[in-house]
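Quick note: numbers below take in every heavy atom, side chains included, and nothing from hydrogens, waters or symmetry partners. Since the model is a prediction, treat every value here as computed from it, not as a measurement.
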Amino acid sequence: MLHALLLLVATLSGLACAQLDPPSTFPHDYPGKPPGGFGPNWQQYFQVTEQLPNVSFPLSRNWAGNIPVNRPNHPNDTLFFWAFEKENGSLTANAGERSNEPWGIWLNGGPGSSSMVGLLFENGPLHIANDFSLFANNWSWSGLADYIWIDQPVGTGWSTADSDGYVADEDQMGEDFFGFLTNLVEVFPSLKTRPLYITGESYAGTYIPYITKTYFGLSNPPVKLAKVAIGDGTVGSAQVFEELPTLSVIETYPQLIGYDQDVYNYFKEQAHSCGYDLNLTYPQNGHFPTLLPPGTNGDLAFTKKQLYTKNALQSEAKARLAQNKAEVLAIDKLRKRDEWLKEKRDLTGRPNGTIDPWYKCLLYEEMIDYALNFSVPWSLGDDEKLGLNFDVYDVPDALSPEAPMDATVFLNNNATRAAIHAPTSKVWAESIRYPFGNSVHGGDPSVEPMVFLDELASNASSHNS
């Protein structure tokens, strides 16, 4: 088994090295595309009028397609949108009309995750069930306001990008976003003066502050930003949004450690030794210190910004377990690892204040590994599954295989693709590892938004936002 895993890791590493450039994709021109620049005459082109597969219930009028971000020398850099109006005529109102009626944008995270996931599984008007059928969501956010789900940055989901046109950092992402909005409001002119609410989750906690930062830097922004809202957002460092909450997760789901008080005391001690026992409140009384636990300076586990979708996290868990086994063999610590896997470690004999030399301050990773090896039902899987029965978005769910949450069948159906004017140059995927700087190995080099949130708040106050 170990030999097979090492061979798989080596093969995947070779394939990754062979494909150094991200793919080049481009939008598709469908019949009826208007000539010239964007304007209200494009509404008819973008309107979704063809029957969507397996959708047997009424939907409000909606529009979808790719719009350029206006990046010089990159005409194929576009963002894909799918917009639903609240009521008949609300989204297609003329310039200056409905100026007091809000509209909203939804963004998923990643980086590299499609906002179609939010539309089809969270807050959009049509949802996909576990058996791949579709049903109406009566609590869609498009029932509150005209709402638009956008795949971004360029190259994410149905959005397209030249192989050398992916964003270099979050500042360029913000510039692209407003290039897109500049064209969007030409198609739907009432949006120029209506209050805009930008909402999102997960890595949108990085996107949205940078979008807001870009907005305040524009002398004549194309939209009127009113509010932003972020759920479960990555506004801070990886330590803050992933490692620091580990003890709280264990306290919420003590079954992760088999209700073992000694194991809980161990994790509590480790959290204290790593500086994770901060009391985060809102509003925070001053800034909490930058978290740089011992042994993590330069550690890729903290500096990389990976995919944080459900499927991506599961794939990462699988890769991490395989990598752990490979690294253990390479550094001749196989005996220690085998002992850890075969029997519950004596976590109580460690001197107070000593950080685990194996995991250091990667408490989140240690918690998952502990559950997969020692805590029922997560430990019931075999080596072939490599932890795929651990659901980071629904901890009590230990189904293996899981009930599917999969939009690929619907979105990659050619009938769906044609109806929503999606590109033919790519296959839709829930997530990609976003290639910042046009490198498949590139990570997000941008500073976390926590650094400039005070500045954003000051700008918002001065703009009466």
Side-chain angles (χ1 to χ4, degrees), residues 19 21-38 41-55 59 61-71 73-84 106-108 110-121 124 126 128 132 134 148-167 176-177 179-180 183-184 186-187 309 311 406-435 438 440:
Q19 177 62 43
D21 296 325
S24 182
T25 55
F26 49 87
H28 184 77
D29 289 344
Y30 286 88
K33 179 182 176 180
F38 289 103
N41 58 316
W42 283 73
Q43 292 174 8
Q44 183 176 357
Y45 174 72
F46 285 127
Q47 187 170 358
V48 178
T49 57
E50 298 178 20
Q51 181 67 36
L52 292 166
N54 300 319
V55 175
L59 291 171
R61 290 198 306 167
N62 56 100
W63 296 260
N66 292 77
I67 288 180
V69 300
N70 292 347
R71 181 111 61 88
N73 303 316
H74 289 288
N76 292 323
D77 280 13
T78 71
L79 299 185
F80 178 83
F81 76 97
W82 198 345
F84 292 80
W106 174 262
L107 303 176
N108 275 83
S113 295
S114 170
S115 295
M116 298 304 103
V117 173
L119 190 159
L120 295 169
F121 295 101
L126 67 164
I128 298 175
F132 302 102
L134 283 93
I148 304 179
W149 286 259
I150 300 172
D151 280 345
Q152 73 89 44
V154 295
T156 299
W158 280 130
S159 294
T160 61
D162 297 314
S163 62
D164 60 350
Y166 292 80
V167 302
D176 280 357
F177 197 77
F180 162 83
N183 291 327
L184 179 73
E186 293 299 321
V187 179
T309 63
N311 289 345
D406 186 358
T408 57
V409 174
F410 173 68
L411 289 176
N412 286 313
N413 185 310
N414 285 334
T416 303
R417 187 193 302 262
I420 62 176
H421 315 106
T424 58
S425 59
K426 65 186 304 185
V427 173
W428 181 87
E430 174 186 335
S431 298
I432 61 172
R433 179 169 182 170
Y434 196 82
N438 307 311
V440 294

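Here the closest non-hydrogen pair linking Arg417 and Thr424 is NH1-CA, 3.7 Å. Minimum interatomic distance between Pro27 and Thr78 (heavy atoms only, all atoms of both residues): CG-CG2, 3.9 Å. Residues Gly155 and Ile432 come closest through the heavy atom pair O-CD1, 3.6 Å. Considering every non-hydrogen atom in both Val409 and Asp406, the closest pair reads N-OD1, 4.4 Å. Between His28 and Ala422 the shortest heavy-atom distance is CB-O, 4.1 Å. A pairwise comparison of heavy atoms in Pro53 and Phe410 identifies O-CE1, 3.5 Å as the closest pair.
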Margin query: Would Asp162 and Asn76 count as a side chain to side chain donor-acceptor pair (under 3.5 Å) here? Give the steps.
Written below: CA-CA 6 Å; Asp162 297 314; Asn76 292 323; 3.0 Å; yes
Quiz item: Does the pair Leu126 and Leu120 meet the rule for a side chain to side chain contact (heavy atoms under 4.5 Å, CB included), with working shown?
Solution: CA-CA 6 Å; Leu126 67 164; Leu120 295 169; 3.8 Å; yes
- Would you check, one step at a time, whether the test side chain to side chain contact (heavy atoms under 4.5 Å, CB included) holds for Phe121 with Ile128? CA-CA 6 Å; Phe121 295 101; Ile128 298 175; 3.9 Å; yes
Could you go through the side chain to side chain contact (heavy atoms under 4.5 Å, CB included) check for Ile150 and Phe177 one step at a time?
CA-CA 10 Å; Ile150 300 172; Phe177 197 77; 4.1 Å; yes
Might you work through the side chain to side chain contact (heavy atoms under 4.5 Å, CB included) test for Thr49 and Gln44, ending with a clear yes or no? CA-CA 9 Å; Thr49 57; Gln44 183 176 357; over 6 Å; no
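Between atom CG of residue Leu52 and atom CG of residue Leu411 there is a gap of 10.0 Å, rounded to the nearest 0.5 Å. If you take CG on Asp176 and CG on Leu79, they are separated by 6.5 Å, rounding to the nearest 0.5 Å. Trp106 contributes atom CH2, which lies 8.0 Å from atom OG of Ser115 (distance to the nearest 0.5 angstrom). The CH2 atom of Trp158 sits 11.5 Å away from the OG1 atom of Thr160 when rounded to the nearest 0.5 Å. Atom CG in Leu107 sits 11.0 Å away from atom CD1 in Ile148 (nearest 0.5 Å). For the atom pair CD1 (Ile420) and CE (Met116), the distance works out to 7.0 Å, reported to the nearest 0.5 Å.
In this structure a side-chain-to-backbone donor-acceptor pair under 3.5 Å is present from Tyr434 to Val154. Not one N or O on the side chain of Asn62 forms a donor-acceptor pair closer than 3.5 Å with the backbone of Val48. Judged purely by atom type and a 3.5 angstrom limit, Arg71 has no side-chain atom pairing as donor or acceptor with the backbone of Asp77. Not a single donor-acceptor pair under 3.5 Å links the side chain of Ser113 to the backbone N or O of Asn108. Side chain of Ser163 to main chain of Ser24: no donor-acceptor pair is present (N/O by atom type, distance under 3.5 Å, no hydrogens or angles). Panel note: side chain Thr25, backbone Ala161; a donor-acceptor pair is recorded below 3.5 Å.
Note on ring orientation: taking the six-membered ring where Trp is involved, the planes of His421 and Tyr45 are parallel (angle under 30°, cut-offs 30° and 60°). Taking the six-membered ring where the residue is Trp, Trp42 and Phe38 present tilted rings, their angle falling between 30° and 60°. The aromatic rings of Phe81 and Phe46 stand perpendicular to each other, their planes meeting at an angle above 60°, with 30° marking the opposite boundary.
Of the listed residues (Trp149, Phe80, Trp428), just one forms a side-chain contact (heavy atoms from CB on, under 4.5 Å) with Ser114, and that residue is Trp428.
Aromatic pair Phe84/Trp82: ring centres closer than 6.0 Å.
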